[in-house]
Number of protein chains: 2
Amino acid sequence: MTPPPAPPRRASPSTVRRLSLYLRALDTLAAEGVGTVSSQGLAERSGTTPAQVRKDLSLFGSFGRRGMGYEVPDLLHRVRAILGLDRRWPVALVGAGRIGSALFAYPLFRERGFEIRAVFDNDPAKIGSCREGLEVRPVTELPCLIRERGIEIGIITVPAHAAQAIATVLVESGVRGILNFAPTRLHLPPEIEVNEVSLSMELEALSFALAARERP
Amino acid sequence: MTPPPAPPRRASPSTVRRLSLYLRALDTLAAEGVGTVSSQGLAERSGTTPAQVRKDLSLFGSFGRRGMGYEVPDLLHRVRAILGLDRRWPVALVGAGRIGSALFAYPLFRERGFEIRAVFDNDPAKIGSCREGLEVRPVTELPCLIRERGIEIGIITVPAHAAQAIATVLVESGVRGILNFAPTRLHLPPEIEVNEVSLSMELEALSFALAARERP
DNA sequence: CGGGGCTTGTGAAAAAGTTCACAAGCCCCG
DNA sequence: CGGGGCTTGTGAACTTTTTCACAAGCCCCG
Ligand SMILES: NC(=O)c1ccc[n+]([C@@H]2O[C@H](COP(=O)([O-])OP(=O)(O)OC[C@H]3O[C@@H](n4cnc5c(N)ncnc54)[C@H](O)[C@@H]3O)[C@@H](O)[C@H]2O)c1
Ligand SMILES: NC(=O)c1ccc[n+]([C@@H]2O[C@H](COP(=O)([O-])OP(=O)(O)OC[C@H]3O[C@@H](n4cnc5c(N)ncnc54)[C@H](O)[C@@H]3O)[C@@H](O)[C@H]2O)c1
């Protein structure tokens, strides 16, 4: 009656996080001209264990040579492909405020293939102004431009009270993934990928750890 | 020979994350004037399950009444205390660039008890300028001011190549917890709490999920 | 004042994730 | 061309985290 043992051959969120770390480490190694790296070496540079590195990678194939380790350029390419970074991702940014502008100006995103192709705001003072060559457009144009420019990922950097409405419009316009900086839980259809970034949460984790250390 | 069953009565990182979510939900409930909430209600508002809510809270005590649920103001206070938010945390910000300035201007941190009491940079054009009433100081004054102002948490928003040196100085000056926005792994003594925020990683997780969905 | 309807707190079971341990494989050297 | 030294890939053991399930407890109503 119980369905077989279940075939869950999927990467856990922690594996995905670590893959990003491996990618960062591999970028550095490649820049240093290192040709080959062992699971040991990768583990040291990404703060995990050799067994973990091998397990993570083995979910997607066998990329190493026994006795030798992994070839840096090859593995770099593989990990990029696994993470879906072997293509460009057109991105829209909604909310050209403080954090939105900071993100927009951040060059590393583009290097990784994330291309901000539209910026929206509803403040007349901001609309029409330029951010690094791209003009801030009114939110009313959002559906049209998202479709036109084939945008698949939206970054939300508007105040919390406006986030849900923006998210809904983004999804209706064809966006499949959302990175949300506003401190609200978004209600969206389950096929939409949502990733929340909460800086308060990060500080609170620190505060918890420091406070816990003081009184056990 | 194996030490007893082991008494690991500590909250896992995921529990801590969820506590932050509960806190956010409780804030909203309190603002709405709701007097009482069940684990069910909290779960819905924080995207988890009732059993998980109860397990998480039970790590720290019994705060509810059977048949009734939890009293919102009481639980709010308890969760704040658990997270170490029943006090002020003096914070220093190093790197008054784009993301640093955005963080500095963000009012929610202060509301949660995180008080930015010093801002540092090494760019002469920025030193001496003011951010919301606080003057940007040169990094050379960092050790002295950190000690003087009793700062325990440092936020690093300098370029990656400068992050390790800043982190080391912060720790030598007495900081016990660090929130690092620079994309580098920091090497610090184990008693220092370090929390990395990597926005690339968040985007990459999205990209992975969207790409995976396309070719199963 | 006792029974019914809910909801908590918590062991026990299940699932998920990590570490272990080792056979299989590769390269180099003699 | 065969042996030694390393390192991968991977089942199996172990650990941690989540889910389940239910007794214990509280309140309200009749
Ligand atoms: N600044 C930070 O460090 C920080 C940290 C964590 C989270 N956040 C969150 O990020 C979001 C933005 O924060 P910020 O500090 O950049 O605020 P901000 O006020 O500087 O920027 C918000 C921008 O959104 C625009 N906006 C408001 N309503 C809009 C709407 N309905 N449609 C389109 N645009 C709209 C505003 O015109 C403004 O330009 C907030 O939800 C905040 O909680 C900010
Ligand atoms: N902007 C973003 O959206 C974003 C996103 C993710 C991560 N980050 C990371 O955050 C960090 C800062 O990014 P940013 O965009 O704010 O860059 P930025 O160049 O705007 O700001 C960096 C600031 O650090 C100062 N600085 C440089 N070296 C210093 C030193 N040795 N001591 C003290 N101050 C020094 C500079 O003067 C500048 O004011 C970088 O590590 C970046 O990778 C930024």
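Within every chain, numbering begins at 1; the chains are lettered A, B, ... in the order of the sequence lines, protein sequences first and strands thereafter.
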S.K.: So does A:Gly177 get a backbone contact from the side chain of A:Glu152, meaning a donor-acceptor N/O pair under 3.5 Å?
M.R.: no

S.K.: Rounding to an integer number of Å, can you tell me how far B:Arg17 CZ sits from D:dT18 P?
M.R.: 12 Å

S.K.: Closest nucleotide of DNA chain C for A:Arg54 versus for B:Ser38: which of these residues is on the 5' side?
M.R.: B:Ser38

S.K.: Touch check for A:Thr15, heavy atoms < 4.0 angstrom, all strands: base, sugar-phosphate only, or nothing?
M.R.: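 Since no nucleic acid heavy atom lies under 4.0 Å of A:Thr15, the category is nothing.
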
S.K.: Could you check whether any side-chain heavy atom of B:Leu29 comes within less than 4.5 Å of a side-chain heavy atom of B:Arg45, counting everything from C-beta outward?
M.R.: yes

S.K.: If I take atom OH from residue A:Tyr22 and atom CG from residue A:Leu57, how far apart are they, to the nearest 0.5 angstrom?
M.R.: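 So the OH of A:Tyr22 and the CG of A:Leu57 are separated by 6.5 Å.
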
S.K.: Please round to the nearest 0.5 Å and tell me the distance separating atom CG of B:Leu21 and atom CZ of A:Arg185.
M.R.: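 Separation between the atoms: 5.5 Å.
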
S.K.: Which distance, rounded to the nearest 0.5 Å, do you find between the CG of A:Leu170 and the CD1 of A:Ile178?
M.R.: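 The distance works out to 5.0 Å.
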
S.K.: Side chain of B:Arg117, backbone of B:Arg149: donor and acceptor closer than 3.5 Å?
M.R.: yes

S.K.: Could you give the CG-to-P distance, from A:Leu59 to C:dG17, as a whole number of Å?
M.R.: 10 Å

S.K.: Taking atom P of C:dT7 as reference, at what distance in whole Å does atom OH of B:Tyr70 sit?
M.R.: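 That distance rounds to 12 Å.
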
S.K.: Output yes when a side-chain donor or acceptor of A:Asp121 lies under 3.5 Å from a complementary backbone atom of A:Ala96, and no otherwise.
M.R.: yes

S.K.: Could you check how far CG of B:Leu42 sits from P of C:dT7, rounded to whole Å?
M.R.: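 Whole-Å distance recorded here is 13 Å.
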
S.K.: With a cut-off of 6.0 Å (strictly less than), are more than 12 heavy atoms of other residues, nucleotides or ligands near CZ of A:Arg17?
M.R.: no

S.K.: Rounded to the nearest Å, what distance is computed from the CG atom of residue B:Leu57 to the C1' atom of nucleotide C:dG9?
M.R.: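 Value for this atom pair: 11 Å.
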
S.K.: What distance do A:Met201 atom CE and B:Arg112 atom CZ have between them, rounded to the nearest 0.5 Å?
M.R.: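 Separation between the atoms: 9.5 Å.
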
S.K.: Let me know the distance between CG of A:Asp56 and P of C:dT19, rounded to the nearest Å.
M.R.: 10 Å

S.K.: Counting only side-chain nitrogens and oxygens, does A:Thr49 get under 4.0 Å of the OP1 or OP2 atom of C:dT18?
M.R.: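 No, A:Thr49 has no side-chain N/O under 4.0 Å of OP1/OP2 on C:dT18.
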
S.K.: Any side-chain N or O of B:Gln52 less than 4.0 Å from the OP1 or OP2 oxygen of D:dT19?
M.R.: yes

S.K.: Within the modelled atom types, does a donor on one side and an acceptor on the other bring the side chain of B:Lys55 and the base of D:dT17 under 3.5 Å apart?
M.R.: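 When only heavy-atom distances are counted, B:Lys55 does not reach the base of D:dT17 through any donor-acceptor pair under 3.5 Å.
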
S.K.: Dot-bracket notation for DNA chain C is requested: 5' to 3', Watson-Crick or G-U wobble pairs only, both distances under 3.5 Å, with ( ), [ ], | and . as defined.
M.R.: ||||||||||||||||||||||||||||||

S.K.: Sub-3.5 Å donor-acceptor pair from the side chain of A:Asn195 to the main-chain atoms of B:Glu202, do we have one?
M.R.: yes

S.K.: Report the distance from atom CD of A:Gln40 to atom P of C:dC20, rounded to the nearest whole Å.
M.R.: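 After rounding, the gap between these two atoms is 13 Å.
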
S.K.: Looking at A:Ser12, I'd like to know whether one of its side-chain N or O atoms comes within less than 4.0 Å of OP1 or OP2 on C:dA16.
M.R.: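 No, no such contact exists.
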
S.K.: Would you mind telling me which residue lines up with the more 5' stretch of DNA chain C, A:Thr48 or B:Gly64, judged by nearest nucleotide?
M.R.: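 Its nucleotide being nearer the 5' end, the pick is B:Gly64.
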
S.K.: For nucleotides 26-30 of chain D, print each protein N/O atom paired with a nucleotide N/O atom at under 3.5 Å, atom names and distance only.
M.R.:
unit_1: D:dC26; atom_1: O4'; unit_2: B:Arg66; atom_2: O; d: 3.1
unit_1: D:dC27; atom_1: OP1; unit_2: B:Arg65; atom_2: NH1; d: 2.8

S.K.: Does B:Ser62 put a side-chain nitrogen or oxygen below 4.0 Å from OP1 or OP2 of C:dT8?
M.R.: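 Looking at the OP1 and OP2 atoms of C:dT8, neither is under 4.0 Å from any side-chain N or O of B:Ser62.
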
